[in-house]
Amino acid sequence: MKRFLVTIVLVTAVAGCTPKSGSLGEAPTGAPPTSAAATPTLPPAESPPAQPTGTPGQATSAKPAGTVTISLWLVRDGRIAYTQRTRPATQSTSQLALTELAAGPTTVEASAGLTTGFPGGTTFRIVGISNGVETVSFPAGFYDGGRDAARLRQAQVVYTLTQFATVTKVAFQRDGTALAAPVGRGDYTDLLPAIVVTNPVIGQRRGSPITVAGTADVFEATVNIRVLDAAGKQIATTFTTATCGSGCRGSFSVRVSFRVGRDQAGIVEVFWISPNDSSHQDVVRIPVTLLA
């Protein structure tokens with residue numbers, strides 16, 4: 001298969017190989033990194049809830065100002081999928097994150113195939129944080145629909161809450177009654193798609209070059225990227241190699257240069273190519289605005 005290359009600068013991640021049963025690590029927050037070497041900054045830890053039990057997360061007396069960007073894990077094709085929200089700053093970041101999860105995808109996220117496993121009108125109560133475990137109580141309806149449906153919702157909650165420095169695991173309650181032992185990201189790695197794209201994020205405005213980053217478990221660790229303009233025409237393409245693949249999950253990061261004559265809607269596609277028929281597999285499409 002021929003690859004038509006536009007001017008491309010390639011930066012391959014140098015992180016070590018991560019076993020498939022491991023986690024993705026800390027989800028990035030704030031402005032996405034501009035290179036693979038950039039270190040994500042976590043949002044501030046939340047203040048105690050109104051009626052906490054155990055030891056709450058760190059608190060500050062300073063009044064929040066500005067905005068905070070949080071990571072959210074929604075659903076695409078039966079697996080969890082990454083996105084972000086930027087909202088007015090708050091000390092109660094877990095409360096904000098779960099409120100956004102319960103609200104479901106935005107219009108642009110829905111157009112990119114994102115949904116949520118949360119039943120409509122889902123409520124919750126954050127009980128507190130103790131020794132890195134955040135306890136959250138959901139009503140009985142949250143667990144309806146069978147084990148797989150409930151487990152998908154729990155994966156959304158776990159991956160979203162463990163982005164915060166004070167949270168490593170989540171303890172679930174049903175109407176205030178504990179369900180089981182606390183769980184972490186490692187308990188839900190089977191619900192990750194073959195490719196997770198953490199940069200760019202759906203709806204962002206990006207000039208050239210675009211840094212495309214995430215994690216993947218794909219054939220020979222080879223991740224392919226292309227950029228499409230508003231007419232659906234391919235204007236840039238490249239590939240890179242994740243730090244692990246074909247049975248384990250590795251990270252990847254590559255910069256893709258493109259040129260457009262005006263600001264316009266575009267798509268960043270990330271996928272791997274089948275060695276059998278050269279078809280594109282596990283395609284992740286990220287709608288963005290391409291800046292001239």
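Small disclaimer: the values here were computed from a predicted structure and weren't measured. In this chain, residues are counted from 1 in sequence order.
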Can you spot which of Trp73, Phe164, Tyr188 makes a ring-ring contact (aromatic ring centres under 6.0 Å, His included) with Tyr159? Trp73
Test your reading of the model: is there a side-chain donor-acceptor pair from Thr289 to the backbone of Arg205, 3.5 Å cut-off? no
Hey, does the side chain of Glu100 reach the backbone of Ala97 with a donor-acceptor pair shorter than 3.5 angstrom? no
Counting N and O atoms only, with roles assigned by atom type, does the side chain of Arg79 sit under 3.5 Å from a partner on the main chain of Leu192, one being a donor and the other an acceptor? yes
No-hydrogen, no-angle side-chain donor-acceptor test under 3.5 Å, Glu134 and Ser94: yes
Begin with the C-alpha distance, continue with both residues' side-chain angles, and end with the deciding distance and a verdict on side-chain contact (heavy atoms from CB on, under 4.5 Å) for Phe219 and Ile273. CA-CA 8 Å; Phe219 180 71; Ile273 296 176; over 6 Å; no
Are Lys169 and Asp187 within salt-bridge range, i.e. N to O under 4.0 Å? no
When you measure from the side chain of Asp263 to the backbone of Ala292, do you find a donor-acceptor pair of N or O atoms at a distance under 3.5 Å? yes
Inspect the contact between Asp190 and Arg151 and indicate whether a charged nitrogen and a carboxylate oxygen are less than 4.0 angstrom apart. yes
Are Gln173 and Thr135 close enough that a side-chain donor and a side-chain acceptor fall under 3.5 Å? no
Side-chain (Thr243) to main-chain (Phe252) donor-acceptor, under 3.5 angstrom: no
Answer with yes or no whether the hydrophobic clustering places Val283 together with Ile267; edges join I, L, V, M, F, W, Y residues whose side-chain heavy atoms lie under 4.5 Å apart. no
Using a 3.5 Å distance criterion without hydrogens, assess whether the side chain of Ser208 forms a donor-acceptor pair with backbone atoms of Phe258. yes
Between the side chain of Asn199 and the main-chain N/O of Thr211, is any donor-acceptor distance below 3.5 Å? yes
For side-chain contact (heavy atoms from CB on, under 4.5 Å), just list the numbers for Leu74 and Glu109, CA-CA rounded to whole Å, side-chain angles, deciding distance to a tenth of an Å, and then say yes or no. CA-CA 9 Å; Leu74 296 176; Glu109 288 168 347; 3.6 Å; yes
For Asp77, look at atom CG and say whether over 12 heavy atoms of other residues, nucleotides or ligands are found less than 6.0 Å away. no
Checking side-chain contact (heavy atoms from CB on, under 4.5 Å) against Phe142, which of Asp175, Thr122, Thr123 comes through? Thr122
